[in-house]
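Quick note: numbers below take in every heavy atom, side chains included, and nothing from hydrogens, waters or symmetry partners.
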Amino acid sequence: MKKFTMTWLALMLAIIAYAEKREIHILAANDMHAQIEVFPQLAALADSLRTIDPSLLIFSAGDNRTGNPINDKYILPAYPMVALMNQVGFNGSALGNHEFDVHSLKRLIGLSNFRYICANAFPSDSSGIRLVPYQVFDVEGLKVGVIGCIQTSPKGVPSTHPDNLEGISFKPAEEVIPQYEHLSKECDVTILLSHLGYPDDIKMAEQFPWLDLIIGGHTHTQLKGGEVTNGVLITQNKNKLNRVTYITLTLEDGKVVDKKAEYIDVRKYPKTVRVVEEMVRFYNDNPTLRQILAVADTPFETREELGCMMCDAFMAETDSEIGIENPGGVRIDAHPQGDITVRDVLEMDPFDNHAVLMELTGYEIERMMLSYCHNTLHSFPYVGGMTCEITLEKDFPEKIKSIKLLTLDGKPLNMKKKYKVVTNSYIPATSEIPAGSDHVLNLETSDIIMNYLEKKKVVSYQGVSRLKIIE
């Protein structure tokens with residue numbers, strides 16, 4: 001009888017405990033882009049939150065690297081970010097398209113104390129890249145299932161140089177996510193750790209209402225908190241660790257009954273973790289990157305102004321007639337008046353792209369640019385040595401109806417004449433060009449820009465625009 005009573009009592013206590021409201025806390029970052037100088041504040045914030053909940057989960061929605069030469073040009077590229085994420089205690093990371101930049105992902109995965117979670121990337125055995133499609137975390141008896149996904153472009157691959165993806169195949173996220181619906185039945189909480197972008201996160205929420213939460217990245221969308229689609233909470237911040245998300249999921253009777261997202265200005269948080277401060281100080285000790293190349297007589301206020309300067313550098317250093325740079329290849333938004341350093345150039349152009357020289361007719365230049373941007377204004381390249389008049393569709397303001405290529409003095413380009421064109425290696429790899437027309441030079445585009453600036457000594461591009469939009 002005594003044994004029966006004790007068993008019954010234990011069962012009742014378990015039922016009561018199960019019926020009590022429980023909370024799961026998550027700290028989420030996205031698109032950190034190697035902002036290692038913010039890690040002392042991030043570490044302090046994480047430690048502070050762990051005093052409230054020692055079971056705090058920390059996730060990244062991808063694009064941990066690319067954007068800071070201290071990290072990107074390290075002996076093992078991107079190792080400082082991995083070391084700092086290990087120290088902070090990240091539990092998992094989505095695979096961002098920039099994780100493929102420069103071939104170091106295989107080694108970085110082996111040095112990471114957390115898993116890279118991605119269900120729609122399929123590395124071959126020979127690639128040596130080890131991913132998991134999902135991971136289940138135990139939070140004091142509660143099961144949290146996390147599925148990862150990466151964005152794929154219209155060509156079916158992430159937005160990176162195709163050479164970086166050798167040995168890896170991909171599927172659209174919506175094709176693979178249904179395979180993991182079982183997690184919603186086996187786990188107390190089901191999360192999509194997404195590097196798909198906010199518009200696609202909304203689509204995933206509409207298609208898969210069994211998800212409780214989508215931790216998003218890729219589009220650098222600053223949400224306000226409380227964005228719920230089809231019952232699914234979606235979170236995302238702008239890039240470069242300006243903010244992180246503190247997520248609270250409340251469970252009752254084994255079900256999520258409340259979801260809350262708070263956005264925290266992590267850069268305003270005090271630095272209190274000495275070991276992380278010392279790590280950042282150690283990595284930042286690189287005098288080469290502080291070398292001054294030239295002076296900006298006026299500030300660069302737009303990406304196009306920076307892109308025009310890059311195109312001019314390409315042309316000047318290769319004796320070409322036309323320069324072309326993709327908007328995604330310009331990785332800073334602006335630059336103040338004053339010194340331009342080696343670090344500034346490597347932040348502006350961090351991809352280790354090589355210069356590519358081509359001889360193309362006006363028609364072939366037009367085709368290359370339109371195929372690169374998929375006839376949309378958002379990705380239309382910046383140019384040097386010419387200007388472009390872009391006419392947009394009336395009913396679709398981002399859709400390009402037609403373009404006119406003009407010389408710098410406003411005359412139409414001879415569409416049948418061949419011009420000496422220089423660009424970076426990403427554009428011909430992702431657009432339509434005549435077979436055999438591209439010649440890769442043994443020059444990195446960042447080196448070309450640095451050489452140009454050292455020769456110019458003073459530059460001014462304020463107000464420079466070579467793209468005229470006709471709506």
Side-chain angles (χ1 to χ4, degrees), residues 24-35 38 41-42 45-46 49 56-67 81 85 88 90-99 114 116-120 144 146-153 158-159 172-174 177 189-209 211-249 256 259-269 328 331 333 378:
I24 292 174
H25 298 104
I26 300 167
L27 186 63
N30 62 274
D31 303 282
M32 293 185 286
H33 286 294
Q35 298 303 295
V38 191
Q41 293 98 318
L42 180 63
L45 173 60
L49 292 174
L56 175 76
L57 294 172
I58 307 180
F59 294 119
S60 165
D63 276 5
N64 305 321
R65 60 163 302 159
T66 303
M81 273 297 289
M85 290 173 72
V88 169
F90 274 75
N91 298 94
S93 176
L95 199 61
N97 53 300
H98 288 292
E99 262 63 74
F114 52 88
Y116 292 81
I117 307 170
C118 189
N120 65 327
V144 179
V146 180
I147 310 159
C149 278
I150 187 172
Q151 154 269 358
T152 54
S153 70
S159 297
E174 59 270 21
I177 291 176
V189 174
T190 311
I191 299 171
L192 177 63
L193 191 57
S194 161
H195 198 78
L196 301 173
Y198 185 55
D200 280 352
D201 287 343
I202 292 173
K203 293 177 184 177
M204 297 305 105
E206 290 171 344
Q207 292 182 45
F208 310 114
L211 293 168
D212 295 300
L213 167 68
I214 296 177
I215 298 173
H218 186 53
T219 49
H220 308 173
T221 306
Q222 184 57 63
L223 301 182
K224 297 179 179 179
E227 282 84 356
V228 176
T229 296
N230 202 22
V232 182
L233 175 65
I234 304 175
T235 71
Q236 188 173 164
N237 286 293
K238 287 188 73 175
N239 62 336
K240 297 187 177 181
L241 267 182
N242 288 294
R243 289 184 177 182
V244 291
T245 313
Y246 183 53
I247 302 160
T248 302
L249 303 176
V256 178
K259 309 170 184 180
K260 184 168 65 173
E262 303 171 67
Y263 295 104
I264 300 172
D265 293 326
V266 67
R267 290 174 181 263
K268 295 180 180 179
Y269 213 78
R331 301 306 295 184
D333 296 322
H378 174 72

Original post:
Roughly how far, to the nearest 0.5 Å, is CD of Q35 from CG of L241?
Top reply: 7.0 Å
Subject >> Qualifying residues under ring pair (Phe, Tyr, Trp, His ring centres under 6.0 Å), relative to F90, sequence neighbours excluded >> reply: none
Original post:
Does any non-hydrogen side-chain atom of I150 lie less than 4.5 Å from one of Y116?
Top reply: no
Original post:
Looking only at heavy atoms, which two atoms of V88 and A46 are closest? And how far apart?
Top reply: CG1-CB, 4.1 Å
Original post:
Would you say V244 and L45 make side-chain contact, with heavy atoms under 4.5 Å?
Top reply: yes
Original post:
Measuring from L27:CG to L49:CG, what's the distance to the nearest 0.5 Å?
Top reply: 6.0 Å
**OP:** Take T229 and E206 through the test side-chain hydrogen bond (donor to acceptor under 3.5 Å, both in side chains) and record every step on the way to the result.
**Re:** CA-CA 7 Å; T229 296; E206 290 171 344; over 6 Å; no
Original post:
How about N64 and S93: does a side-chain donor come under 3.5 Å of a side-chain acceptor?
Top reply: yes
Original post:
When I191 is tested against each of D212, L211, I26, I24 for side-chain contact (heavy atoms from CB on, under 4.5 Å), which residue passes?
Top reply: I26
Subject >> Pairwise distance NE2(H25) to CG(L57) - rounded to 0.5 angstrom >> reply: 11.0 Å
Subject >> Distance (rounded to the nearest 0.5 Å) between N120 CG and I147 CD1 >> reply: 11.0 Å
Subject >> Passing candidate, side-chain hydrogen bond (donor to acceptor under 3.5 Å, both in side chains) with R243, options D265, N237, N30 >> reply: D265
Original post:
Looking only at atom types and distance, does a side-chain atom of E99 sit under 3.5 Å from a main-chain N or O of G96, one as donor and one as acceptor?
Top reply: yes
**OP:** For atom NZ of K238, decide whether the heavy atoms of other residues, nucleotides or ligands shown that lie under 6.0 angstrom number more than 12.
**Re:** no
Original post:
Is there a donor-acceptor contact under 3.5 Å linking the side chains of T245 and E262?
Top reply: no
**OP:** Consider only side-chain N and O atoms of N97 and S159, and report whether a donor and an acceptor are under 3.5 Å apart.
**Re:** no
**OP:** Evaluate the side-chain proximity of F114 to N91: yes if any heavy-atom separation is below 4.5 Å, no if none is.
**Re:** no
Subject >> Gap separating the CD atom of Q207 from the CD1 atom of I202, nearest 0.5 angstrom >> reply: 12.5 Å
Original post:
Knowing that exactly one of L193, D200, L192 qualifies, which makes a side-chain contact (heavy atoms from CB on, under 4.5 Å) with C149?
Top reply: L192
Original post:
Does the side-chain hydrogen bond (donor to acceptor under 3.5 Å, both in side chains) test come out yes or no for D31 and H218, once each step is laid out?
Top reply: CA-CA 6 Å; D31 303 282; H218 186 53; 5.2 Å; no
Subject >> Non-hydrogen side-chain atoms of L213 and V189 separated by less than 4.5 Å >> reply: no
Original post:
Just wondering, do H195 and H98 contact through their side chains at under 4.5 Å, heavy atoms?
Top reply: no
Original post:
Within the distance-only criterion (no hydrogens, no angle test), does the side chain of Q236 pair as donor or acceptor with the backbone N or O of I215 below 3.5 angstrom?
Top reply: no
Subject >> Pairwise side-chain contact, T235 with E227, heavy-atom cut-off 4.5 Å (strictly under) >> reply: no
**OP:** Could you check if a side-chain atom of Q41 sits within less than 4.5 angstrom of a side-chain atom of K268, using non-hydrogen atoms only?
**Re:** no
